[in-house]
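Computed from heavy atoms alone, side chains included, the values below leave out hydrogens, waters and symmetry copies.
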Amino acid sequence: MPFCKQFWRSGVGAAVVAAAGAALAAGSPATPRAAAQAKTAAAAKARQPDAEERLVQIIALVQNQQLDQALKAAASLTADVPHFQAAQLVYADLLRFRSGQPGALTPAAVAQRAMVLPVKHIPLPQAGAAVPPTPAANAQGGQTLEQLQGLQDEIRRRMQGAQSLPAAGQVPAEFLSLSPSVRQVIAIDASQSRLYLLRHDQGQLQLVDSFYVSVGKLGVGKLEEGDQRTPEGIYFIGRQIAGQRLPEFYGKGALTLNYPNDWDKAMGRSGSGIWLHGAPPDQFARLPQASDGCVVLANPDLIALMRTVDKLTPVLIREKLQWVAPSDASHRQSTDAFTAVLQQWHQAWMQDDPQGALQLATPQWTASSEGQAWHTRMAALFKGRSVELQDISTYGWKDHKGEIRVANLKLKSREQAQPLSLRQYWRKVGKDWRLFSEDLQNQG
């Protein structure tokens, strides 16, 4: 009986690829999404398919019952990327069916087979030759049940992510307005283990690429140091750290984030050292939830990101992203309403009305030493000068603690050699917006 028919008549249908197949079905594209996928696919043809694309193609071959081709492709992929454990799992499943062994990695069989999952490349046996025994059937090469389930989850999420791209032109709801100086933005959907890189061009955001990522062992919603959760919020890239300066565990490098931001601090959230970084050298990728709070990418993806993004690139992290059309009425209204608040704040200072500006801040902020320093700085800047409000980008965020706006902007007078770069945090108080913190950013 042909291999592919054996595979499907087994009744098991390979648990690994069955989950991935469900992801394929769930990702059936609508027309706008199909356009985005077609565009992404066209761009992908211009380069060699990466490891994830090859894995997706293998799953597609299985879905089409082209199991001999799938087996060859899996053998090639695991030879080229031997530490891609999710690919090894698919390859092992295909080999197991070819060998006639009953029961793939079904939940019931996982426990018994947890110690026989290959983690190193298995050469594809020649036609007619006996199938070699599954290697790594020892304690050193064995995987735990948790790891196996994690790999199955990784495959499912990779398939969902690859097949469920946002519709063309849609943007994460938190990106309200971007100045021309913002070249790219990053948005991370933890529920899909997906990082989206979008290019900003002439007021439009376009999806450039997406990558599989791993987040904290206990998911998102970081509250304190050591809780093994990844923070949710609007953050900005601080600096790049080359891999040579880091322990091997961090892979090819890191991009730092400004966690905790001023909203986190106001909410009493603690912790530090949240990065986007690479995977250890013995792993192509980590399981969907495997870090202590950082966002972990495969090293080729991390390198691509480090070559592309700028310092201060915004990074949105959400459990689940909400994508909206820029023309969405609610999105536009929210953007315009807050832009009016910034203009009101600017005009108050321009009209030498510091009390008017103070009324737009929270009493706690104006009474603090930071708030008083801010008041002194603003009064000195605007005194007798015409100061322009430039380079404005605004971001929205809402969680169970409240709703905020983050504004990056510059203030420039004729007397200044360089504009004053500020990041402001505003929160909703009743129906009004109130400034509750401000950070001085790099000049220029």
### Message
Taking Ser330's backbone N and O only, do any of them form a donor-acceptor pair with Ser334's side chain (distance below 3.5 Å, no angle check)?
### Response
no
## Note on the structure
Only residue of Arg423, Gln441, Gln424 satisfying side chain to side chain donor-acceptor pair (under 3.5 Å) with Asn408 is Arg423
### Message
Just so I know, are the side chains of Leu422 and Asp439 near enough to count as touching, which here means a heavy-atom distance under 4.5 Å?
### Response
no
### Message
Is the distance between the ring centroids of Trp275 and Tyr259 under 6.0 Å?
### Response
no
### Message
Does Ser177 form a side-chain hydrogen bond (donor to acceptor under 3.5 Å, both in side chains) with Thr394? I'd like the steps, not just the answer.
### Response
CA-CA 5 Å; Ser177 66; Thr394 58; 2.7 Å; yes
### Summary
Sorted by chain and number, sequence neighbours left out, salt bridge (charged side-chain N to carboxylate O under 4.0 Å, His left out) with Glu52 holds for Arg158, Arg194
### Query
Between Phe338 and Trp433, is the gap from one ring center to the other below 6.0 Å?
yes
### Pairwise side-chain contact, Ile186 with Leu316, heavy-atom cut-off 4.5 Å (strictly under)
no
### Query
Tyr196 pairs by ring pair (Phe, Tyr, Trp, His ring centres under 6.0 Å) with which of Trp323, Phe211, Phe175, Tyr212?
Trp323
### Query
Counting distance only, does the side-chain N/O of Gln364 pair as donor-acceptor with the main-chain N or O of Phe436 below 3.5 Å?
no
### Task
Check the pair Thr339 / Arg405 against side chain to side chain contact (heavy atoms under 4.5 Å, CB included), numbers first and verdict last.
CA-CA 10 Å; Thr339 300; Arg405 295 286 183 267; over 6 Å; no
### Query
Between Arg156 and Gln160, is any side-chain donor less than 3.5 angstrom from a side-chain acceptor?
yes
#### Entry: Ile303: partners by side chain to side chain contact (heavy atoms under 4.5 Å, CB included), with sequence neighbours left out
Lys252, Arg307
### Task
Could you please spell out the steps behind the side chain to side chain contact (heavy atoms under 4.5 Å, CB included) verdict for Leu342 and Leu409?
CA-CA 10 Å; Leu342 286 180; Leu409 55 90; 4.2 Å; yes
### Task
For the residue pair Ile234 and Glu174, establish whether any side-chain heavy-atom pair is separated by less than 4.5 Å.
yes
### Query
Can any side-chain N or O of His277 pair as donor or acceptor with the backbone N or O of Thr256 at less than 3.5 Å?
no
### Task
Any chance you could lay out the side-chain hydrogen bond (donor to acceptor under 3.5 Å, both in side chains) test for Thr366 and Arg434, step after step, and finish with the verdict?
CA-CA 11 Å; Thr366 55; Arg434 294 288 181 263; over 6 Å; no
#### Entry: Electrostatic pair Glu403:Lys401 at N-O distance under 4.0 angstrom
no
### Task
Flag the pair Arg377 and Glu438 as a salt bridge only when some basic side-chain nitrogen lies within less than 4.0 angstrom of an acidic carboxylate oxygen.
yes
### Query
Are any of the side-chain nitrogens in Glu154 or Arg286 under 4.0 Å away from the carboxylate oxygens of its partner?
no
### Message
Distance alone, cut at 3.5 Å: any donor-acceptor contact between the side chains of Asp264 and Tyr235?
### Response
yes
### Query
Is any side-chain heavy atom of Lys398 less than 4.5 Å from a side-chain heavy atom of Ile404?
no
### Presence of salt bridge, Asp80 and Arg54, under 4.0 angstrom
yes
#### Entry: Expected output: side-chain Thr313 to main-chain Val309 donor-acceptor under 3.5 Å
no
### Query
So is Arg427 actually on top of Trp397's ring, under 6.0 Å and inside 45° of the axis?
no
### Message
Just so I know, are the side chains of Pro166 and Leu207 near enough to count as touching, which here means a heavy-atom distance under 4.5 Å?
### Response
yes
### Query
Between Asp292 and Lys217, does at least one N-O distance fall below 4.0 Å, as a salt bridge requires?
yes
#### Entry: Close side-chain approach of Leu257 to Ile317, heavy-atom, < 4.5 Å
yes
#### Entry: Backbone N/O of Glu319 and side chain of Glu232: donor-acceptor pair under 3.5 Å
yes
### Query
With a 4.5 Å heavy-atom cut-off, do Leu218 and Asp227 have their side chains touching?
no
### Task
For Gln192 and Arg157, test the side chains for any donor-to-acceptor distance below 3.5 angstrom and give the result as yes or no.
no
### Message
I'd like to check Pro288 versus Ser214 (side-chain heavy atoms, cut-off strictly below 4.5 Å). Are they in contact?
### Response
no
